[in-house]
Amino acid sequence: MVGVAYRGKIALDDITVEFKVESLESSNGMGFGVREVVTLKGQISESERVRLERASNFCPVGQAMSKGSIEFEDEVRWSSGETAPASPMPDDLQPLAGNIPAIPKGTVSGMYLLDTKEHDESGAMTSEGEAKISIRCGNLTRPSRWIVLGGHSTDGMVPGPFPLAHSGWLSSTVATLSRLLPFGTQGPDGLTVELFMPASPGGVASSQANAAEGLVGYRQVQRRITVPGTSSEIPLSTIQAALLRDPMSITYKNGGVLLSHEVVVG
Amino acid sequence: MVEGTNIGQAPPDIVARYVGNETINATIGVAPGPAGPWSYITGVTNSDLDVVAPPPAYLSVAGWAA
């Protein structure tokens with residue numbers, strides 16, 4: 001949003017975002033939905049707000065979760081050394097049975113760190129800067145809170161938005177497989193998921209141009225899942241069926257996680 | 001079952017591993033390079049223990065917020 005505002009010469013002084021995360025049970029197994037409120041600060045006209053609202057709707061990471069813009073190819077490896085492609089999945093494959101606890105209700109709030117914005121010698125913005133993100137969610141005995149940093153900076157002090165989002169996707173994959181696969185007595189030790197991300201064509205500038213114009217930018221990635229044991233003990237079809245239950249994989253495949261979206265000038 | 005796949009031999013960009021006690025370690029920027037690595041713990045939601053780190057979906061939403 002900061003980059004789009006800068007390119008569009010919109011006087012955006014500051015920005016915050018809050019996501020309310022809700023646990024959902026639906027027919028396709030989606031585990032959660034989000035309600036997003038973006039608050040803009042500055043001398044912003046209604047037409048500029050509408051332009052930024054469109055950019056927010058087509059935020060590249062948001063597209064991955066709301067529009068299913070990540071096209072991924074899976075490979076499975078077993079610790080025995082066997083390997084098999086896991087994409088595409090059979091059309092008639094049914095999701096694996098088993099209990100996955102609900103995703104707890106909570107919030108994710110992003111605060112822009114204004115002084116991390118970077119400029120070149122001519123004063124042109126070169127990096128949008130970083131954000132402090134506060135995560136709050138319910139827990140069994142008490143509410144819990146964590147802080148992470150993410151964004152764009154030339155020195156790479158924090159991970160970019162996409163790697164941060166993808167790390168949650170991979171972690172969700174591990175969490176789901178650890179719950180559902182028949183690991184036997186050894187448990188899920190050794191369960192690993194890796195992601196291979198080709199460079200985005202056009203980079204950040206292209207992503208921001210797509211967002212400003214309201215275009216979906218599709219990206220291809222490859223995911224490798226390594227499970228302990230052999231393909232006889234944990235067959236490929238069982239792993240694929242378990243993946244059909246993973247909340248983040250469902251979200252990346254189908255989108256639809258955005259329940260409501262507001263962009264307001266505050 | 002050893003079949004050819006399209007995934008090459010380059011190092012991965014992100015790795016997530018189950019590390020026990022209902023926790024997962026995800027590391028971004030695994031390969032040597034100018035930026036990273038950054039490691040995050042996420043908690044597997046369960047009915048027995050408080051999670052010690054955000055559930056995975058929250059980390060993805062954090063990326064969206066960034």
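All chains are named by letter (A, B, ...) in the order of the sequence lines, taking the proteins before the strands, and each is independently numbered beginning at 1. Predicted, not measured: the structure shown is a model, and the values here were computed from it.
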Could you measure the distance from the [atom1] atom of [X] to the [atom2] atom of [Y]? Nearest 0.5 Å is fine.
| X | Y | atom1 | atom2 | answer |
| --- | --- | --- | --- | --- |
| B:N46 | A:I100 | CG | CD1 | 13.0 Å |
| A:R136 | B:Y58 | CZ | OH | 11.5 Å |
| A:L164 | B:L59 | CG | CG | 5.0 Å |

Around A:K67, counting heavy atoms of other residues, nucleotides and ligands shown, do more than 12 lie under 6.0 Å from its NZ?
-> yes
Considering only heavy atoms, which portion of [X] lies under 4.5 Å from any heavy atom of chain B: side chain, backbone, both, or neither?
| X | result |
| --- | --- |
| A:R145 | neither |
| A:L170 | both |
| A:M111 | neither |
| A:E18 | neither |
| A:A131 | side chain |
| A:S87 | neither |
| A:S172 | both |
| A:A64 | neither |

Looking at chain A, which one of [options] has the largest number of heavy-atom pairs inside 4.5 Å, strictly under?
| options | result |
| --- | --- |
| B:D48, B:T27, B:V44 | B:V44 |
| B:A66, B:G29, B:G43, B:A16 | B:A16 |
| B:A35, B:P11, B:P54, B:A65 | B:P54 |

Pair B:R17 + A:E194: basic N to acidic O under 4.0 Å | no
Minimum heavy-atom distance between A:V148 and B:Y40, given as atom pair plus value |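 Shortest heavy-atom contact: CG1-CE2, 4.0 Å.
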Taking every heavy atom of A:S171 against every heavy atom of B:T42, the minimum-distance pair comes out as CB-OG1, 3.3 Å
Where does [X] contact chain A at under 4.5 Å (heavy atoms): side chain, backbone, both or neither?
| X | value |
| --- | --- |
| B:T45 | both |
| B:P37 | neither |
| B:N25 | neither |

Using side-chain heavy atoms (C-beta onward) and a distance below 4.5 Å, is [X] in contact with [Y]?
| X | Y | result |
| --- | --- | --- |
| B:P55 | A:P104 | yes |
| B:W64 | A:V17 | no |
| A:M65 | B:S60 | yes |

For a side chain to side chain contact (heavy atoms under 4.5 Å, CB included) with B:Y18, tell me which candidate from A:V193, A:L177, A:T192, A:V174 qualifies.
->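 Testing B:Y18 for a side chain to side chain contact (heavy atoms under 4.5 Å, CB included) against A:V193, A:L177, A:T192, A:V174 leaves exactly one candidate, A:V174.
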Side chain to side chain contact (heavy atoms under 4.5 Å, CB included) against A:M197, all qualifying residues, sequence neighbours excluded = A:P163, A:H166, A:L195, A:V221, B:D13, B:I14
Residue list, side chain to side chain contact (heavy atoms under 4.5 Å, CB included) with B:T23, at least two apart or on another chain =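 In terms of side chain to side chain contact (heavy atoms under 4.5 Å, CB included), with neighbours along the sequence ignored, B:T23 is linked to B:V19, B:I41, B:V52.
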Shorter than 4.5 Å, heavy atoms on both sides: which option in [options] has the most such pairs with chain B?
| options | value |
| --- | --- |
| A:E130, A:K132, A:R179, A:M157 | A:R179 |
| A:A175, A:G150, A:G138 | A:A175 |
| A:A86, A:G110, A:P161 | A:P161 |
| A:P101, A:P159, A:C59 | A:P159 |

Can you tell me if B:D50 uses its side chain to pair, donor with acceptor, with the backbone of A:T141 under 3.5 Å?
->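 Indeed, once roles are kept as given, a pair shorter than 3.5 Å links the two residues.
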